[in-house]
Amino acid sequence: MKADHVAEVRARPEVLALLGRDPVMARLIERHGPYRWGVHGVFPALLRAVVGQQVSNAAARAIFGRLAEAVGLAPERLLAAGEEALRSVGVSRAKARAILNLARLEVEGAFAGFTELPDAEVRRRLLAQKGVGPWTVDMVLIFGLGRLDVWPVRDLGLRQKAQGLYGLKDEAELLALGARFVPYRSVAAHYLWAENDLGQGG
């Protein structure tokens with residue numbers, strides 16, 4: 001596996017200017033400062049996202065830390081360890097099988113060239129894999145490939161924070177909110193997550 005931190009998305013003035021037209025987002029930008037996040041590559045982002053499916057951020061961090069310490073995060077090490085080793089650190093059976101399948105694909109080079117693919121094709125290829133759903137693909141697009149126009153409507157933290165700040169009633173309104181921030185919806189999501197983390201004290 002390549003280095004865990006291979007790139008970074010950094011703030012651009014024109015992006016901040018567009019988002020700052022929205023009064024709520026302008027306050028978040030002022031509070032949290034210029035955005036930045038690490039871009040880790042497809043497989044590392046898949047691994048983190050699968051571990052994080054349907055568990056709290058704290059639980060995901062704990063399981064991921066145990067996995068890194070006990071097994072390692074390189075696909076070859078995951079494959080050598082096997083399903084039971086992954087389960088021993090708190091990964092469910094379904095997630096363990098998904099991780100091992102993705103590790104095999106990484107070793108085979110299946111994710112090579114994804115940086116050149118449009119978002120829709122990345123989605124098509126990843127959704128074909130068992131254990132990879134729309135939320136996981138959104139996380140890969142943002143944190144694995146650094147794509148700037150992803151609106152992860154299935155993310156609970158984003159939904160809750162957007163609902164609280166904007167008074168949204170349903171998913172249609174959440175989609176409409178995202179439309180305000182095209183083509184930088186990932187950045188808007190970043191600020192909603194930052195605010196959500198602040199509210200959780202971490």
Side-chain angles (χ1 to χ4, degrees), residues 1-9 37-117 119-147 150-160 186 189-190 192-193 196-197 200-202:
M1 186 175 67
K2 296 179 182 178
D4 183 56
H5 187 269
V6 297
E8 190 172 62
V9 170
W37 68 82
V39 179
H40 305 288
V42 174
F43 179 71
L46 277 168
L47 183 56
R48 286 181 178 273
V50 170
V51 169
Q53 289 169 355
Q54 299 180 324
V55 299
S56 70
N57 288 341
R61 283 193 295 268
I63 294 170
F64 194 81
R66 291 197 298 269
L67 179 63
E69 183 177 353
V71 178
L73 305 178
E76 296 86 355
R77 294 190 65 178
L78 293 164
L79 289 168
E83 182 180 320
E84 292 309 313
L86 273 62
R87 296 205 66 209
S88 71
V89 298
V91 177
S92 71
R93 186 176 298 280
K95 288 182 181 182
R97 290 176 176 174
I99 287 168
L100 293 174
N101 177 57
L102 295 168
R104 177 182 56 78
L105 291 170
E106 170 71 357
V107 169
E108 293 172 354
F111 305 129
F114 268 44
T115 55
E116 309 303 321
L117 298 177
D119 292 0
E121 180 62 12
V122 173
R123 288 186 186 280
R124 186 189 71 79
R125 295 192 189 190
L126 291 181
L127 288 173
Q129 303 306 320
K130 193 168 184 178
V132 177
W135 176 85
T136 298
V137 176
D138 287 343
M139 297 305 103
V140 172
L141 286 167
I142 296 172
F143 299 109
L145 294 168
R147 303 294 169 86
V150 181
W151 191 234
V153 295
R154 295 167 184 82
D155 186 85
L156 182 60
L158 182 140
R159 292 173 72 100
Q160 290 178 337
S186 303
H190 165 85
L192 291 170
W193 282 325
N196 193 55
D197 288 346
Q200 294 179 0

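Nothing fancy with the numbering, it's 1 onward along the sequence. Worth knowing before you read on, the calculation uses all heavy atoms, side chains too, and leaves out hydrogens, waters and symmetry mates.
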Asks: side-chain contact (heavy atoms from CB on, under 4.5 Å) between R125 and L105: does it pass, once the steps are laid out?
Replies: CA-CA 12 Å; R125 295 192 189 190; L105 291 170; over 6 Å; no

Asks: Check whether any side-chain N or O of R159 sits under 3.5 Å from a backbone N or O of V153 as a donor-acceptor pair, and report yes or no.
Replies: yes

Asks: Do the side chains of R147 and I142 get nearer than 4.5 Å, heavy atoms only?
Replies: no

Asks: Might you work through the side-chain contact (heavy atoms from CB on, under 4.5 Å) test for V140 and F114, ending with a clear yes or no?
Replies: CA-CA 11 Å; V140 172; F114 268 44; 5.9 Å; no

Asks: So for atom CD, which belongs to Q54, do other residues, nucleotides or ligands contribute more than 12 heavy atoms lying within a distance under 6.0 Å?
Replies: no

Asks: Do the side-chain N and O atoms of D155 and W193 include a donor-acceptor pair separated by under 3.5 angstrom?
Replies: yes

Asks: Would R93 and E84 pass as an ion pair if we require N to O under 4.0 Å?
Replies: yes

Asks: Do Q160 and L156 come within less than 4.5 Å of each other through their side chains, counting heavy atoms only?
Replies: yes

Asks: For V91 and I99, work out which heavy atoms get closest and say how close.
Replies: CG1-CD1, 4.1 Å

Asks: Applying side-chain contact (heavy atoms from CB on, under 4.5 Å) between S186 and each of L141, V150, V9, report the one that passes.
Replies: V150

Asks: Classify the ring geometry of F143 against W37: parallel below 30°, tilted from 30° to 60°, perpendicular beyond 60°.
Replies: perpendicular

Asks: Please determine if R66 and E69 form a salt bridge, counting it only when a charged side-chain N lies under 4.0 Å from a carboxylate O.
Replies: no

Asks: Quick one, F64 and L73 - any side-chain contact, counting heavy atoms below 4.5 Å?
Replies: yes

Asks: Under the side-chain contact (heavy atoms from CB on, under 4.5 Å) criterion, do L126 and L46 qualify, and how do the steps go?
Replies: CA-CA 9 Å; L126 291 181; L46 277 168; 4.1 Å; yes

Asks: To the nearest 0.5 Å, how far apart are CG in N57 and CG in D197?
Replies: 6.0 Å

Asks: Please report the shortest heavy-atom distance between A96 and E83, naming the atom on each side.
Replies: CB-CG, 4.0 Å

Asks: Determine, step by step, whether L158 and N196 satisfy the side-chain contact (heavy atoms from CB on, under 4.5 Å) criterion, reporting the C-alpha distance in whole Å, the side-chain angles of both residues, the deciding distance to 0.1 Å, and the verdict.
Replies: CA-CA 8 Å; L158 182 140; N196 193 55; over 6 Å; no

Asks: Which pair of non-hydrogen atoms, one from E106 and one from P75, has the smallest distance, and what is that distance?
Replies: CG-CG, 3.7 Å

Asks: Can you tell me if K95 uses its side chain to pair, donor with acceptor, with the backbone of L86 under 3.5 Å?
Replies: no

Asks: Do you know the tightest heavy-atom contact between P152 and M139?
Replies: CB-CE, 3.8 Å

Asks: Less than 4.5 Å apart, side chain to side chain, heavy atoms only: is that true for L47 and L78?
Replies: yes

Asks: Could you report the tightest heavy-atom contact between G41 and P44, atom names first, then the distance?
Replies: O-CD, 3.6 Å

Asks: Please give me the minimum heavy-atom distance between F111 and L102, naming the atom from each residue.
Replies: CE1-O, 3.6 Å

Asks: Near R104 CZ, under 6.0 Å, is it more than 12 heavy atoms from other residues, nucleotides or ligands?
Replies: yes

